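These notes concern the structure reproduced below.
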Amino acid sequence: MFSWLRDEWVPWPWSRRMRGRVITRDELWQHRWRICPKGVGQNCWVSIRGLVLQLPAELFARHPGGTEVLRQATGGDATEAFGSHSAYARAWADRYVIGFCPEIYNQACVARF
Ligand code: HEM
């Protein structure tokens, strides 16, 4: 799959599988931290390479980079911020994928090359 694409274009080359549904940029933005109805970690989403991740309370509690950076990233594209994360971090993040946002993918990956 995706063998004709450059590595940088592939949404999640290390992902075990693409899963979830297509999510719009607007819907992603609805899940930014400040309007999460139940507080931190209940329903916050972030996008990395177009994939949309739902960040659970467990991640906010245990993230080595702290909660503030995560909070600020919710509702939008964190491709660049996540870029230098380790394979361990990628495998960890992979558990939280709930869908894919083509708009963010096009902007964060394809449009850059
Ligand atoms: C989405 C799931 C995420 C997971 C599972 C995750 C996991 C981790 C892990 C394991 C580390 C330790 C260093 C490493 O192994 O790479 C780390 C460090 C860090 N993360 Fe994340 N991270 C996530 C998202 C983010 C986001 C969205 C941001 C910023 C917007 C961020 C910012 C940072 C920072 C600033 C550090 C500290 C780097 C350092 O030690 O110099 N992370 N993260």
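All values derive from a computational prediction rather than experimental measurement. First listed ligand is number 1; within each ligand, the first listed atom is number 1.
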Please could you name the atoms of ligand 1 that Y88 approaches to less than 4.0 Å, counting only its heavy atoms?
10 (C)

To the nearest 0.5 angstrom, please state how far the SG atom of C101 sits from the CZ atom of R49.
15.5 Å

Can you list the steps and then say if L53 with F82 is a side-chain contact (heavy atoms from CB on, under 4.5 Å)?
CA-CA 12 Å; L53 285 69; F82 194 77; over 6 Å; no

Check whether E103 reaches the backbone of R25 with its side chain - one donor and one acceptor, N or O, closer than 3.5 Å.
yes

In the protein, which heavy atom is nearest to atom 15 (O) of ligand 1, and how far is it?
S86 OG, 2.5 Å

Determine whether V69 and I48 fall in the same hydrophobic cluster, where Ile, Leu, Val, Met, Phe, Trp and Tyr are linked whenever their side-chain heavy atoms lie under 4.5 Å apart.
no

Of D94, T79, V46, L59, the residue with the heavy atom nearest atom 2 (C) of ligand 1 is L59

One finds that the ligand 1 atoms under 4.0 Å from a non-hydrogen atom of A93 are 2 (C), 5 (C)

Just jot down the ligand 1 atoms closer than 4.0 angstrom to any heavy atom of W92, in number order.
5 (C), 7 (C), 10 (C)

Is the closest protein non-hydrogen atom to atom 32 (C) of ligand 1 under 4.0 Å?
yes

Pull out every atom of ligand 1 sitting under 4.0 Å from any heavy atom of A78, numbered as shown with elements.
27 (C)

Any donor-acceptor pair under 3.5 Å from N106 side chain to P102 backbone:
yes

Around atom 21 (Fe) of ligand 1, how many protein N/O/S atoms fall inside 2.8 Å?
2

Counting each atom of ligand 1 from 1 as listed, which ones have a heavy atom of A73 under 4.0 Å away?
27 (C), 30 (C)

So V46 and Y96, do their side chains get closer than 4.5 Å, heavy atoms only?
no

Any side-chain donor-acceptor pair under 3.5 Å between T79 and D77?
yes

Compare all side-chain heavy atoms of W45 with those of I23 and state whether any distance is below 4.5 angstrom.
yes

Atom 24 (C) of ligand 1: protein heavy atom closer than 4.0 Å?
yes

Pair Q72, E68: side-chain N/O donor-acceptor within cut-off below 3.5 Å:
yes

Considering the heavy atoms of L55, write down every atom of ligand 1 situated less than 4.0 Å from one of them.
1 (C)

For L53, take its heavy atoms, then give the atoms of ligand 1 lying under 4.0 Å from any of them.
1 (C)

Cluster overlap W92 with F60, hydrophobic side-chain contacts below 4.5 Å:
yes

Sub-4.0 Å protein heavy atom next to atom 40 (O) of ligand 1:
no

With sequence neighbours left out, write down each residue that passes ring-ring contact (aromatic ring centres under 6.0 Å, His included) with H63, or none if nothing qualifies.
none

Backbone N or O of R90 within a donor-acceptor pair of the H85 side chain at under 3.5 Å?
no

